[in-house]
Amino acid sequence: MKKTVFICLIAGGLLSNACSDWLDILPKNEQVTADYWKAKEDVEAMIASGYYYMCATTTYLIDWGELRGSSIFAYNSLEKGKLQNFQLTASSSLCKWNVFYQVINMANSVIKYAPDVREIDETYSEAAMRSHQAEAYFMRALMYFYLVRNFKETPLVLEPYVDDSAPYKIAKVSEEQIIARIKADIKTALDSGAAKEFYGDDEWNGANKGRITQWALYALMADVCLWSEDYDNCIVYADYLINATASWRPVFMLVPEQWFTIFYPGNSNESIFEFNWDAATYGTTSGSPSNYFTVAASGEYQYSPAMIERLEAETQEVILEGRKQVRTLWGAYVVPAEGSDARCIWKYQGQGIDMLTATRTSKDANYIIYRMADVMLMKAEALIWKGTDSWPEALNIINQIRNRSYLNNLDISLDETDEQGLLEVLLNERDIELAAEGKRWYDLLRFGKSKNYKYKSIFIEMIVENNSSVNDSWIRSTLKNDYAWYLPVSQDEIEVNDLLEQNPYYQVTNK
């Protein structure tokens with residue numbers, strides 16, 4: 001299979017250059033009829049389309065996953081400021097979900113029509129077909145997981161939109177139904193036994209973490225189980241990764257000096273799944289986080305004042321111990337100019353060398369969806385929620401992550417702490433380790449809603465304490481309504497789908 005099929009940006013580059021080869025593969029109206037499916041190459045092309053459109057979600061994933069969490073601020077955009085301050089309206093382009101449903105449509109098409117191709121094309125093996133379907137199930141599950149965390153309720157579309165006769169008007173379903181479908185899709189993909197461990201036989205220049213593997217399925221399931229408070233199974237699926245012995249397994253890299261290789265050059269041993277770009281080969285970087293996070297005193301995205309305090313405190317802690325900082329200064333952040341108050345995102349711009357001249361020669365950093373440190377901290381969180389007997393193991397995992405960054409073990413007496421205190425330690429660890437990786441808002445949201453909103457008031461205060469760009473009383477009053485934690489449904493969608501109901505918070509406030 002040609003490597004061009006599975007690199008996200010190649011699709012974008014070919015589309016923007018009107019390359020006939022790509023346009024011959026993907027119909028211009030993006031409706032793929034049953035007559036399209038004739039050969040295995042058609043299935044491969046549709047899988048490629050799914051990867052391309054997943055990459056196209058990156059800017060949404062950054063904004064949705066970071067701004068409301070207030071560890072990163074968007075300083076120069078009125079609309080992004082509204083998202084950050086819980087003032088977004090249904091007319092905003094930031095609440096559009098069409099690109100996510102484009103991925104879902106590609107996945108639905110492969111799931112439905114790949115078996116038909118198998119009957120027509122004798123060169124299309126059963127193993128290849130099931131492998132493609134496993135990738136498609138992951139794509140559909142991942143996109144719905146982002147949708148449910150941002151909209152809570154959303155239409156559940158399981159059939160491909162093949163022509164204008166297909167029903168377009170579809171009502172939303174509950175969060176519980178969506179989560180059940182996500183888990184079913186992941187389980188179907190895993191039970192097939194067709195998800196690959198590694199794509200080493202692909203002509204893909206080593207970008208092996210840019211395709212979906214069984215490891216990615218395990219990581220996604222652990223994440224979904226944690227979100228749905230299924231803590232036992234979160235631990236089970238996290239352990240499939242943590243305790244793996246297969247040759248091509250992802251591994252938590254213990255050497256501190258290797259930490260930055262996660263981002264430069266990327267596709268590291270620690271990575272599980274990431275969206276890949278490659279400017280040197282294909283000449284485009286559109287959508288890459290390197291182009292979204294710039295290093296400049298006036299750059300749009302910068303760490304918030306509260307996050308800067310946390311990052312700089314860790315920097316000083318390590319330096320005072322006579323060690324070299326790993327994941328803070330010249331890891332997560334950089335000072336763009338002497339005397340500047342700005343703290344810019346560095347992990348997608350630098351090469352891991354502590355000087356501003358050591359920036360990436362090409363703005364094509366990958367966007368990591370899952371890596372091992374993330375999964376380990378998922379397990380630690382599940383262990384905390386499970387109760388005191390599990391806390392020593394949770395603390396041990398947190399300390400493993402810290403030790404990798406030359407930090408000492410946390411000085412915590414488990415007999416003198418409580419669940420809330422330990423969860424806050426866990427959230428802080430995730431905030432620093434996974435800074436600017438699109439995790440922060442979902443971590444806080446999960447904390448706020450779990451155990452029947454047990455820590456709702458604490459969640460609200462955490463947002464208030466971190467957000468310095470809007471009035472505290474506004475945030476407190478707004479977030480008392482649980483539906484304000486989610487995005488409005490785009491007005492454009494409501495106008496074409498009269499079965500679609502607006503998020504109740506935005507109905508009440510006429511937003």
Side-chain angles (χ1 to χ4, degrees), residues 60-61 63-74 78-97 100 144-156 171-179 226-229 304 306 385 420 423-424 427 438-495 497 499-511:
Y60 288 97
L61 302 189
D63 290 337
W64 291 356
E66 291 293 349
L67 296 182
R68 288 165 291 176
S70 295
S71 288
I72 289 175
F73 279 177
L78 179 61
E79 278 304 291
K80 292 174 185 178
K82 290 179 180 178
L83 172 62
Q84 180 175 296
N85 297 326
F86 304 93
Q87 298 170 337
L88 204 66
T89 67
S91 62
S92 175
S93 62
L94 290 174
C95 59
K96 288 184 177 292
W97 60 31
F100 292 85
Y144 274 123
F145 193 38
Y146 279 113
L147 288 172
V148 78
R149 288 180 293 175
N150 283 286
F151 295 94
K152 188 174 176 65
E153 299 153 348
T154 188
L156 183 61
K172 295 190 293 185
V173 301
S174 70
E175 177 181 358
E176 292 73 21
Q177 288 174 279
I178 297 168
I179 291 296
L226 183 60
W227 179 267
S228 60
E229 303 178 46
S304 66
W385 285 113
Q420 177 190 326
L423 285 170
E424 288 180 1
L427 288 171
K439 306 287 183 178
R440 180 59 172 172
W441 170 246
Y442 307 124
D443 291 345
L444 293 176
L445 184 57
R446 188 172 60 245
F447 172 72
K449 77 176 191 66
S450 292
K451 297 289 183 74
N452 196 27
Y453 299 90
K454 180 178 182 179
Y455 296 116
K456 178 177 178 177
S457 62
I458 307 301
F459 158 77
I460 293 173
E461 287 307 309
M462 291 175 75
I463 301 298
V464 169
E465 290 170 6
N466 282 273
N467 189 311
S468 58
S469 63
V470 73
N471 186 278
D472 291 358
S473 61
W474 163 264
I475 297 179
R476 286 194 181 94
S477 63
T478 297
L479 295 185
K480 286 180 181 178
N481 186 323
D482 306 342
Y483 274 93
W485 302 5
Y486 301 91
L487 298 177
V489 177
S490 172
Q491 189 60 38
D492 291 345
E493 298 292 343
I494 290 175
E495 288 175 358
N497 182 357
L499 295 181
L500 202 54
E501 295 183 2
Q502 184 56 272
N503 175 330
Y505 170 76
Y506 300 91
Q507 290 177 343
V508 171
T509 57
N510 295 315
K511 293 193 172 193

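When reading the values below, keep in mind they use all heavy atoms of this one structure, side chains included, and skip hydrogens, waters and symmetry mates.
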Who pairs with [X] by side-chain contact (heavy atoms from CB on, under 4.5 Å), at least two apart in sequence or on another chain?
X      : result
Glu153 : Lys172, Tyr483
Ala74  : Leu67, Lys80, Gln84, Glu300, Tyr301
Ser477 : none
Glu66  : Ile72, Arg440

Residues that Tyr486 engages under ring-ring contact (aromatic ring centres under 6.0 Å, His included), provided they are two or more places apart: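 ring-ring contact (aromatic ring centres under 6.0 Å, His included) check on Tyr486 returns nothing, list empty.
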Check: Which residues pass the ring-ring contact (aromatic ring centres under 6.0 Å, His included) test with Phe447, sequence neighbours left out?
Finding: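 Phe447 satisfies ring-ring contact (aromatic ring centres under 6.0 Å, His included) with Tyr455 only.
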Looking only at heavy atoms, which two atoms of [X] and [Y] are closest? And how far apart?
X      : Y      : answer
Phe73  : Ser468 : CE1-OG, 3.3 Å
Gly69  : Asn466 : O-CB, 4.4 Å
Gln502 : Ala90  : NE2-CB, 3.5 Å
Leu88  : Ser92  : CD1-OG, 3.4 Å
Tyr506 : Ala484 : OH-O, 4.2 Å

With sequence neighbours left out, what residues match [X] under salt bridge (charged side-chain N to carboxylate O under 4.0 Å, His left out)?
X      : answer
Lys96  : Asp492
Lys449 : none
Glu229 : none

(Q) Using the side-chain hydrogen bond (donor to acceptor under 3.5 Å, both in side chains) criterion, which residues pair with Trp441? Sequence neighbours excluded. (A)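 Trp441 satisfies side-chain hydrogen bond (donor to acceptor under 3.5 Å, both in side chains) with no other residue.
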(request) Applying side-chain hydrogen bond (donor to acceptor under 3.5 Å, both in side chains), name anything that partners Arg446, two or more places apart in sequence or on another chain. (result)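 Partners of Arg446 under the side-chain hydrogen bond (donor to acceptor under 3.5 Å, both in side chains) test: Glu381, Asp443.
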Is a donor on one side and an acceptor on the other found under 3.5 Å between the side chain of [X] and the backbone of [Y]?
X      : Y      : result
Ser490 : Cys95  : no
Trp485 : Leu479 : yes
Asn497 : Glu493 : no
Glu79  : Ser93  : no
Asn471 : Ser473 : yes
Trp227 : Phe145 : no
Asn452 : Lys454 : no
Asn467 : Ile463 : no

After noting the C-alpha distance and the side-chain angles of Asn503 and Gln507, does the key distance pass the side-chain contact (heavy atoms from CB on, under 4.5 Å) rule? CA-CA 7 Å; Asn503 175 330; Gln507 290 177 343; over 6 Å; no
Can you tell me how far the CZ atom of Arg149 sits from the CG atom of Leu147, to the nearest 0.5 Å?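 Rounded to the nearest 0.5 Å, the CZ-CG separation comes to 10.0 Å.
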If you round to the nearest 0.5 Å, how far is CG of Leu156 from OH of Tyr144?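 Between atom OH of Tyr144 and atom CG of Leu156 there are 4.5 Å.
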_So that I know where these two stand, are Trp97 and Tyr146 an aromatic pair - ring centroids less than 6.0 Å apart?_
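No: the rings miss the under 6.0 Å criterion.
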* **Worked check of side-chain contact (heavy atoms from CB on, under 4.5 Å) between Phe100 and Tyr60** => CA-CA 10 Å; Phe100 292 85; Tyr60 288 97; 3.9 Å; yes
(request) Give the C-alpha distance, both sets of side-chain angles, the deciding distance and a yes or no for side-chain contact (heavy atoms from CB on, under 4.5 Å) between Trp385 and Leu423. (result) CA-CA 8 Å; Trp385 285 113; Leu423 285 170; 3.6 Å; yes
Side chains of [X] and [Y] in contact at under 4.5 Å (non-hydrogen atoms):
X      : Y      : result
Asn150 : Tyr442 : yes
Val173 : Ile178 : yes
Leu487 : Leu83  : yes
Gln87  : Val470 : yes

Problem - Residues Lys152 and Asp482 bridged, charged N to O under 4.0 Å - result: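 The answer is no: the pair does not qualify as a salt bridge.
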Run Thr478 and Tyr505 through side-chain contact (heavy atoms from CB on, under 4.5 Å) and show every step you take.
CA-CA 9 Å; Thr478 297; Tyr505 170 76; 3.5 Å; yes
Inset, instruction - Say whether Ser469 and Asn85, considering side chains only, have a donor N or O and an acceptor N or O under 3.5 Å apart. - result: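 Yes, because at least one side-chain N or O of Ser469 sits under 3.5 Å from a partner of the opposite role on Asn85.
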Once salt bridge (Lys or Arg N to Asp or Glu O under 4.0 Å) is applied, what residue pairs with a partner in residues 467-480 remain, sequence neighbours excluded?
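Passing the test, one end in residues 467-480: Glu461-Arg476.
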